[in-house]
Each structure stands twice: as structure tokens, then as C-alpha cells.
Amino acid sequence: VTTKNLDYLMNNYYNDYPFDKDDFNTNDKEFIITSISETFESSNFIFLENTLIPFLVINDHFLDQNIYEILKVSTNDYTGYFTEKFLKCRAIDINHNSKSSNNLSILESALKNKNSRAVEKILKCPEIDLNTNGYQNKTPSILACLFDCDAKTINLICNHPNVINDFDSMLGYSGSCGNLNSVLFIIDHFGNRNFPVSNDILIDVTLKKRLYSLKVLLKYYLSRNENI
């Protein structure tokens with residue numbers, strides 16, 4: 001239980017414990033969503049079975065109104081179990097918030113949490129949009145690089161049938177933020193496309209002291225420019 005939630009319990013438990021209510025104000029909602037997030041993160045099946053599931057069954061309108069928030073916090077569970085279950089419990093728009101530059105979509109939440117198993121579950125939805133600029137005006141493939149996701153996640157996105165890959169931009173962003181996982185993956189698996197590693201990228205990576213990424217990029221650059 002977070003300090004914020006503990007304070008809430010100490011001040012309000014005997015009067016209006018949120019899980020005993022059927023009408024919720026903003027504080028109640030925040031408390032419940034935080035509790036759900038912590039349940040997922042800790043795999044607390046005792047609280048899940050004794051409190052959370054009965055609450056959601058009785059208050060299905062809360063689930064209807066907050067399903068996207070619940071799905072986003074489900075990506076705090078690194079088994080992917082809760083993401084998979086809640087993806088199936090309602091007819092949802094898997095691309096909810098995918099065009100927002102300020103709010104995370106379900107997939108973007110999983111990417112930010114570096115949760116490859118949740119990403120894998122989400123990418124099984126056939127309607128997933130992988131080509132629209134969303135959070136920070138970036139596509140999911142670019143965000144995977146910026147969020148320092150692992151090679152498994154990069155592989156899942158790059159090989160998805162819905163994606164139009166922009167490997168040049170991915171390589172540049174990966175080098176700039178020091179995501180060695182994606183730099184190595186892109187060069188190892190798609191390097192035969194002869195990416196134009198520009199001087200701007202090399203200078204940017206050097207100035208930011210991303211030395212391992214710089215080493216890999218320079219090696220690739222020299223292998224493609226043997227006359228230098």
C-alpha cells in the first residue's frame with residue numbers, strides 16, 4: 001500500500017472505504033486505480049480474489065468507465081497475465097489514445113514499462129495501429145527505441161504485419177538515447193539495407209557519450225564505406 005493510500009485509509013476507512021461504495025468521487029477512483037495497479041504489480045492474488053474481483057463484479061460500471069486506465073496499469077505486471085485477461089473482458093478500442101501526443105495508449109504504456117510480455121499480448125490484437133504518431137509525436141517503433149526496450153520488443157514490433165518500419169529513424173533515435181539493444185538488433189537483422197548513418201547521428205551520439213552505441217555505429221558505417 002502506498003503512503004498516499006495508507007493516509008487515505010487512516011482518514012476515511014470507517015466512513016467511506018472506496019471498495020464498499022457504489023458511487024465514486026475523484027479520490028475514490030484514484031485510490032481504486034492505484035490499488036488495482038499495486039495488485040497487478042505485486043501479483044497479490046489474495047486481495048484480487050477477496051476484494052478486487054467481487055468489487056468489479058458488483059460495480060461493473062466502474063470497469064466500463066475505467067477499462068483503459070485499468071489496462072494501462074495492467075502493464076505493471078511483467079507476466080502479461082492481467083493485460084491478457086482485461087483485454088478480453090470488454091469490447092475495447094485497442095488504439096485508444098494512440099493519436100494523443102500527451103496521453104499514453106495501452107501499447108505505449110507497455111513500452112514505457114519495458115514490458116515485452118504485455119507488448120506481445122497487445123500486438124495479438126489484429127486492429128493494432130503501429131504507424132500513427134502518438135505519445136511525444138512518435139510511432140510505437142520509435143518509442144520502443146526511446147524507452148530503451150529490449151531486443152524482444154523491438155523484434156515483435158519490427159516483424160508485425162501492420163507496421164511500416166522506418167529503420168533509419170529508429171537507428172538514429174536508438175543511438176541518440178543509447179539503446180544498444182535496438183542498435184544491435186536493427187543492424188544485425190536489417191543492416192543489409194545499407195542505412196545512411198549520417199554525420200549528424202554520429203556527432204549526436206558522440207556528444208551524448210553513448211560510447212557503446214557509437215562503437216557499433218562506427219563499425220557499421222566503416223563496413224559500408226570501405227573506401228574511407
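His160 contributes no side-chain N or O that, together with a main-chain N or O of Leu156, makes up a donor-acceptor pair within less than 3.5 Å. With Arg210 contributing its side chain and Ser176 its backbone, the two residues share a donor-acceptor pair below 3.5 Å. Here the side chain of Asn131 pairs a donor or acceptor atom with the backbone of Asn162 at under 3.5 angstrom. Looking at Asp60, its side chain never comes within 3.5 Å of a backbone N or O of Val57 through a donor-acceptor pair. Although no hydrogens or angles enter the test, the distance criterion places a donor-acceptor pair under 3.5 Å between the side chain of Asn165 and the main chain of Cys158. Between the side chain of Asn25 and the backbone N or O of Asp28 there is at least one donor-acceptor pair closer than 3.5 Å.
With a 6.0 Å radius and a threshold of 12 heavy atoms from other residues, nucleotides or ligands, Tyr212 has its OH atom at or below the threshold. Around OH of Tyr173, the count of heavy atoms belonging to other residues, nucleotides or ligands within 6.0 Å does not exceed 12.
Annotation: side chain of Leu143 is in contact with side chain of Tyr135 (closest heavy-atom distance under 4.5 Å). With a 4.5 Å cut-off on side-chain heavy atoms, Phe190 and Phe185 count as touching. With contacts defined as side-chain heavy-atom distances shorter than 4.5 Å, the pair Asn181/Ile154 does not qualify. Contact annotation: the side chain of Leu63 approaches that of Phe86 to within less than 4.5 Å [non-hydrogen atoms, C-beta and beyond]. Proximity of Leu171 to Ile201: side-chain heavy atoms (C-beta onward) are nowhere separated by under 4.5 Å.
Scanning both residues, Phe55 and Pro18, for their nearest heavy atoms gives CE1-O, 4.1 Å. Here the shortest heavy-atom pairing between Thr83 and Leu71 reads O-CD2, 4.0 Å. Scanning both residues, Leu111 and Ala144, for their nearest heavy atoms gives CD2-CB, 4.1 Å. Considering every non-hydrogen atom in both Leu56 and Phe62, the closest pair reads CD2-CD2, 4.2 Å. Scanning both residues, Lys72 and Ile106, for their nearest heavy atoms gives CG-CA, 4.2 Å. Summarising the geometry of Pro54 relative to Leu48, their closest heavy-atom pair is CD-O, 4.1 Å, with the distance given to 0.1 Å.
At a threshold of 4.0 Å, the pair Arg90-Asp64 counts as salt-bridged, since one of the basic side-chain nitrogens sits closer than that to a carboxylate oxygen.
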Test side-chain hydrogen bond (donor to acceptor under 3.5 Å, both in side chains) applied to Asn155 and Asn159, step by step: CA-CA 6 Å; Asn155 182 43; Asn159 288 293; 2.4 Å; yes
Applying side-chain hydrogen bond (donor to acceptor under 3.5 Å, both in side chains) to Lys114 and Thr153, what does each step give before you reach the verdict? CA-CA 8 Å; Lys114 303 179 179 62; Thr153 301; over 6 Å; no
With side-chain hydrogen bond (donor to acceptor under 3.5 Å, both in side chains) as the criterion, how do Asp129 and Thr132 come out once you've worked through the C-alpha distance, each side chain's angles and the decisive distance to 0.1 Å? CA-CA 7 Å; Asp129 179 3; Thr132 299; 2.3 Å; yes
List the steps and the verdict of side-chain hydrogen bond (donor to acceptor under 3.5 Å, both in side chains) for Ser37 and Asn76. CA-CA 7 Å; Ser37 175; Asn76 291 329; 2.6 Å; yes
Donor-acceptor list for residues 116-126 side chains, cut-off 3.5 Å, not counting sequence neighbours:
| from | atom 1 | to | atom 2 | distance (Å) |
| --- | --- | --- | --- | --- |
| Glu120 | OE1 | Lys152 | NZ | 3.3 |

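Hydrophobic cluster membership of Ile203, counting Ile, Leu, Val, Met, Phe, Trp and Tyr whose side-chain heavy atoms lie under 4.5 Å apart directly or via other members: Leu207.
In the model, Thr75 has a side-chain atom that pairs as donor or acceptor with a side-chain atom of Asn113 under 3.5 Å. For Ser182 and Asn179, the side-chain atoms include at least one donor-acceptor pair closer than 3.5 Å. Asn95 and Ser98 share no side-chain donor-acceptor pair at under 3.5 Å. In this structure, a donor-acceptor pair under 3.5 Å is absent between the side chains of Glu38 and Ser35. Counted by atom type alone, Asn44 and Thr39 present zero donor-acceptor pairs between their side chains at under 3.5 Å. A side-chain donor-acceptor contact under 3.5 Å links Thr79 and Asp77.
Between Tyr68 and His96, the angle of the ring planes stays under 30°, which puts this pair in the parallel group of the 30/60° scheme.
With Ser141 as reference, Ile157 is the one residue of Ile164, Asp166, Ile157 to meet the side chain to side chain contact (heavy atoms under 4.5 Å, CB included) rule.
Expressed to the nearest 0.5 Å, how far CG of Asn103 lies from CD of Glu108 amounts to 9.5 Å.
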